[in-house]
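Here the structure is a predicted model, which is why all the values come from computation and not from measurement. Positions are given from 1, in the same order as the sequence printed here. Values reported hereafter were calculated over all heavy atoms of this structure, with side chains retained and with hydrogens, waters and symmetry mates removed.
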Amino acid sequence: NFKPVNTVVETIINATVQVANDEALKVNNLDYSKSYFTIHTTDTIKVNDLILYRGKKLKIIILRDDIDYGFIKGIGEQILW
């Protein structure tokens, strides 16, 4: 009777975070009633990672590898605590 264990690892990343624009929401068929943020970073992030930014908790829901341009782009959905 084993139970799954979630492990939390806290890491500081360098990123630029901004409110996601309407084009990003439309292209990705996201729900306009929620708050989304675009995240650009050179650090490693994965889908479902949580990012704490200015008191907001953002869950990475979409990732695009733009490492040829020097960064990874993600879209984070604000989730409630």
Side-chain angles (χ1 to χ4, degrees):
N1 294 352
F2 294 101
K3 295 181 181 180
V5 175
N6 292 327
T7 303
V8 175
V9 177
E10 190 171 310
T11 304
I12 295 175
I13 66 168
N14 293 311
T16 301
V17 179
Q18 63 192 55
V19 174
N21 62 30
D22 288 343
E23 184 179 325
L25 299 179
K26 191 181 336 175
V27 168
N28 294 294
N29 288 330
L30 299 177
D31 182 351
Y32 280 81
S33 69
K34 297 182 180 181
S35 297
Y36 296 95
F37 293 81
T38 302
I39 299 148
H40 295 92
T41 183
T42 56
D43 296 317
T44 302
I45 57 175
K46 300 181 298 277
V47 172
N48 293 324
D49 278 359
L50 298 177
I51 294 178
L52 183 60
Y53 173 72
R54 293 190 176 180
K56 296 176 174 74
K57 189 183 285 189
L58 311 176
K59 180 179 178 181
I60 302 297
I61 58 170
I62 296 171
L63 270 183
R64 189 171 82 201
D65 184 356
D66 284 336
I67 206 65
D68 289 342
Y69 300 106
F71 61 89
I72 295 171
K73 178 180 179 179
I75 295 183
E77 177 181 88
Q78 185 175 351
I79 58 175
L80 301 176
W81 289 87

Notebook entry, point to check: Considering residues at least two apart in sequence or located in another chain, which fulfil the side chain to side chain contact (heavy atoms under 4.5 Å, CB included) criterion with Val9?
Noted result: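 Testing Val9 for side chain to side chain contact (heavy atoms under 4.5 Å, CB included), a comparison that skips the adjacent residues, returns Thr7, Thr11.
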Note to self: Is the shortest side-chain heavy-atom distance between Tyr36 and Ile61 below 4.5 Å?
What the structure shows: yes
Check: Would you call Gln78 and Phe37 a side-chain contact if the rule is heavy atoms closer than 4.5 Å?
Finding: yes
Notebook entry, point to check: If you count the non-hydrogen atoms of other residues, nucleotides and ligands that lie under 6.0 Å from CD in Gln18, is the total more than 12?
Noted result: yes
Notebook entry, point to check: Which residues, ordered by chain and number, are linked to Phe71 in its hydrophobic cluster, where ILVMFWY side chains connect at heavy-atom gaps below 4.5 Å, directly or through other members?
Noted result: Tyr69
Report all side-chain donor-acceptor pairs from residues 49-60 shorter than 3.5 Å, counting only partners two or more places apart or in another chain.
residue	atom	partner	partner atom	Å
Asp49	OD2	Lys46	N	2.9

Notebook entry, point to check: Looking at OG of Ser35 and CD1 of Ile79, how far apart are the two atoms once the value is rounded to the nearest 0.5 Å?
Noted result: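 Result: 12.0 Å between the selected atoms.
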Item checked: salt bridge (charged side-chain N to carboxylate O under 4.0 Å, His left out) contacts touching residues 8-17 (sequence neighbours left out) ->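 Pairs touching residues 8-17 that pass the test: none.
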Note to self: Can you pull out every salt bridge (charged side-chain N to carboxylate O under 4.0 Å, His left out) where at least one residue sits in residues 32-44? Sequence neighbours excluded, please.
What the structure shows: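 Checked against salt bridge (charged side-chain N to carboxylate O under 4.0 Å, His left out) - neighbours excluded - the pairs reaching residues 32-44 are Lys34-Glu77.
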Next item on the list: Would you sort out whether Thr16 and Ile39 count as a side-chain contact (heavy atoms from CB on, under 4.5 Å), showing the intermediate values?
Entry: CA-CA 6 Å; Thr16 301; Ile39 299 148; over 6 Å; no
Check: Does Ile75 offer a backbone N or O that forms a donor-acceptor pair with the side chain of Thr38 under 3.5 Å?
Finding: no
Item checked: For Asp66, salt bridge (Lys or Arg N to Asp or Glu O under 4.0 Å) partners two or more places apart -> Arg64
Next item on the list: Step by step, work out the side-chain contact (heavy atoms from CB on, under 4.5 Å) result for Ile62 and Val47.
Entry: CA-CA 6 Å; Ile62 296 171; Val47 172; over 6 Å; no
